[in-house]
Amino acid sequence: MSTTRPVTPVPAGTVQHYDGETDVLVVGFGCAGAAAAYEAASAGAGVLVLERAGGPGGSSALSGGELYLGGGTPVQRACGFEDSADDMFAYLRAALGPHADEEKLRLYCDGSADHFQWFVDRGLTFRPTLWDAPTWMPTTEDGLLWLGENAWPYNEIARPAPRGHRCETEAFGGWLVMEKLVAAAEGAGAAVHADTLVTALITDGDGRVVGVTARRHGQDLAYRARKGVVLTTGGFADNEEMLADHAPHLIGHDKVSDGLDDGSGIRMAAALGAATRRMGVVELALTALPAMVTRGMLVNAHGQRFINEDVYPGLFSVAAVLTQPAPYWVIIDEEGYESIPEAERAGVVPRFVTETLAELETELGMPPGALESTVGTYNTHAASGRDPYFHKDPRWLRPLSGPFAAVDPRAGLGGRPPAGAGTGVAGFTLGGLHTTVDGVVLDLSGGPVPGLYAAGRAASGIHGEGYISGTSLGDGTFFGRRAGVAAAAGN
């Protein structure tokens, strides 16, 4: 039996009273909603943001805060890198593919440097220093980081340049990004109603979206939008029924969300006949330290390598979970482990440590000789600075020698996971409503749903079947801005 609440559209003729009326209604107050609200209000429209939680932020506020930006930003230039929109486009088309949305991606890359300045104008600062190693999150306040641009095959597709921009704060910075964007939206005149759960879209006799119904503190409400409704309600990682229907790869794994990414905006629009795209695409992350993976190797349950370990960590995670037999193991030797700065080890202490690979195979339940063969082949080529199978950068190549250790991503801190431990995998959805570059929601015939816009994870953005950190906040705010402008104009 379904536990997902109905989202049947409400005819405007049945609405007896509106509890609020404005030009533009924005549903959801994460990064896309804040960007849409700011731009719509700055364009002179009356704006009301409806947020189901007790305050703004959503999943955006819990994120690392990386912004994928390039094309020659001041931070890139200060760190000594030249970049162009064309190189950025070439890299992202490959890394976010196959089937990245090239129209949206081209626009995003061409406008990236200006979008960086937009963040600066909203009050964010970026330290002009580089974190020069693969990572999920730097342990310093460096404002620029590599996100796989210098790894094969991408370094042969486009001129490498680091494009991960991180606002000046310690550890996760999503809260600071949202703090600045919320202040900007409210400063531009947007009003906010928190604790307000939107339940359905209201349509007039011509099929135009003219408002929403909602509930707040047990009371049924209705809001009218004179120009448009912008859905920025996030993805559907927290809706098990939708995952089963569209993205089963996430079932059973941890979710990267605030717990409220239930796909409500997608479902409300789909109930009107809105089209969706890429609903099966997800981002996955292994609980594995890139600093450790790059200094050793990542292998599947059969002791086989399957990717160059210096790629963006999300890419080796997706390759593992979607294509390889589990469990996955990080294999490293003592010299490699000791070379990791202590701050980067994050308390990871391997529980499987042996003098020989044969012993390690036994401990991990691998076929006899499998890991010995893999490491032997790796060492033969690493001795001459080569990796002919997967092309790991020579910077990270070195023959491995005993003692050896294996780290299990499922256990978080290494070793065999205890009973009840997680899978060592977390993720979120990338698919959503089919929109134009201006956020107009399209129906199943390719025409616009009048009065309805979407951005952020509620929409299908620049992504194909891949993901790079910073493209959620980047994509969400960039196209959230465009949706806000379009909604304010009533286009």
Side-chain angles (χ1 to χ4, degrees), residues 63-64 66-68 70 87-101 105 131-138 145-158 160-164 247 249-250 253-254 256 278 280-300 304-331 387 389-393 395-397 407 409 423-431 461-475:
S63 73
E66 299 101 328
L67 301 162
Y68 198 91
D87 284 315
M88 180 181 178
F89 176 80
Y91 170 67
L92 285 180
R93 179 171 57 180
L96 300 183
H99 315 306
D101 189 318
L105 186 57
W131 177 271
D132 192 23
T135 186
W136 287 115
M137 176 64 59
L145 60 148
W146 291 100
L147 292 172
E149 300 92 344
N150 55 352
W152 186 89
Y154 309 104
N155 57 3
E156 296 182 356
I157 293 172
R163 301 189 187 93
H249 291 302
L250 267 185
H253 296 307
D254 291 334
V256 180
R278 312 284 193 267
V281 179
V282 298
E283 163 61 355
L284 299 166
L286 282 177
T287 310
L289 290 179
M292 191 170 290
V293 176
T294 54
R295 288 168 170 83
M297 63 176 63
L298 185 64
V299 300
N300 61 24
Q304 300 163 325
R305 290 178 73 211
F306 50 89
I307 197 169
N308 48 318
E309 293 87 353
D310 56 332
V311 295
Y312 166 68
L315 296 180
F316 71 56
S317 298
V318 169
V321 178
L322 299 190
T323 72
Q324 300 297 312
Y328 324 104
W329 301 96
V330 181
I331 308 299
D387 179 19
Y389 287 90
F390 300 105
H391 310 286
K392 182 193 283 190
D393 191 282
R395 173 183 177 185
W396 306 109
L397 286 175
V407 177
T423 63
V425 178
F428 53 91
T429 58
L430 293 173
I462 61 179
H463 304 86
E465 297 175 26
Y467 181 81
I468 298 294
S469 282
T471 55
S472 280
L473 294 185
D475 167 295

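Small disclaimer: the values here were computed from a predicted structure and weren't measured.
Taken to the nearest 0.5 Å, the CG atom of Asp310 stands 8.5 Å off from the CG atom of Asn155. The distance from atom CH2 of Trp136 to atom CD of Glu66, rounded to the nearest 0.5 Å, is 10.0 Å. The distance from the CD1 atom of Ile462 to the OH atom of Tyr68 is 9.5 Å, given to the nearest 0.5 Å. With rounding to the nearest 0.5 angstrom, the NZ atom of Lys392 is 6.5 Å from the OG1 atom of Thr294. Here CG of Leu105 is found 8.5 Å from CZ of Arg93. Values are rounded to the nearest 0.5 Å. Separating the CE atom in Met297 from the CG atom in Leu397 is a distance of 9.5 Å, to the nearest 0.5 Å.
Under the 30°/60° scheme for interplanar angles, the aromatic rings of Trp152 and His391 are found to be tilted. Ring-plane geometry between Tyr467 and Tyr312 is classed as tilted, the angle between the planes lying from 30 to 60 degrees on a 0 to 90 degree scale.
Between Val299 and Arg305, some side-chain heavy-atom pair lies under the 4.5 Å cut-off. A 4.5 Å side-chain heavy-atom check between Leu322 and His249 finds at least one atom pair inside the cut-off. The shortest side-chain heavy-atom distance between Leu430 and Val282 does not fall under the 4.5 Å cut-off.
Nearest heavy-atom pair across Gly148 and Tyr154 is O-CD1, 3.9 Å. The nearest pair of heavy atoms linking Pro134 to Pro290 is O-CB, 3.6 Å. When every heavy atom of Leu473 is checked against every heavy atom of Ser63, the shortest pair comes out as CD1-OG, 3.6 Å. Across every non-hydrogen atom of Ile157 and Ala94, the tightest pair is CD1-CB, 3.7 Å.
Judged purely by distance below 3.5 Å, without hydrogens or angles, the side chains of Tyr328 and Ser317 never pair a donor atom with an acceptor atom.
For the side-chain contact (heavy atoms from CB on, under 4.5 Å) with Arg163, the qualifying choice from Leu92, Leu147, Asp87, Leu145 is Asp87, the only one to do so. A side-chain hydrogen bond (donor to acceptor under 3.5 Å, both in side chains) with His463 is found for one member of Asp475, Thr471, Asp101 and no other, namely Thr471.
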side-chain contact (heavy atoms from CB on, under 4.5 Å) between Thr423 and Thr287, worked out: CA-CA 9 Å; Thr423 63; Thr287 310; over 6 Å; no
Verdict with reasoning, Asp132 to Trp146, per side-chain contact (heavy atoms from CB on, under 4.5 Å): CA-CA 7 Å; Asp132 192 23; Trp146 291 100; 3.0 Å; yes
Intermediate values then yes/no, side-chain contact (heavy atoms from CB on, under 4.5 Å), Asp254 and Val425: CA-CA 6 Å; Asp254 291 334; Val425 178; over 6 Å; no
Step-by-step side-chain contact (heavy atoms from CB on, under 4.5 Å) determination, Val256 to Glu283: CA-CA 9 Å; Val256 180; Glu283 163 61 355; over 6 Å; no
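Within the 3.5 Å criterion, the main-chain N or O of Arg395 finds a donor-acceptor partner in the side chain of Asp393. Not a single donor-acceptor pair under 3.5 Å links the side chain of Glu309 to the backbone N or O of Val293.
Applying the side chain to side chain donor-acceptor pair (under 3.5 Å) test to Thr429 and every residue at least two apart in sequence or in another chain returns nothing.
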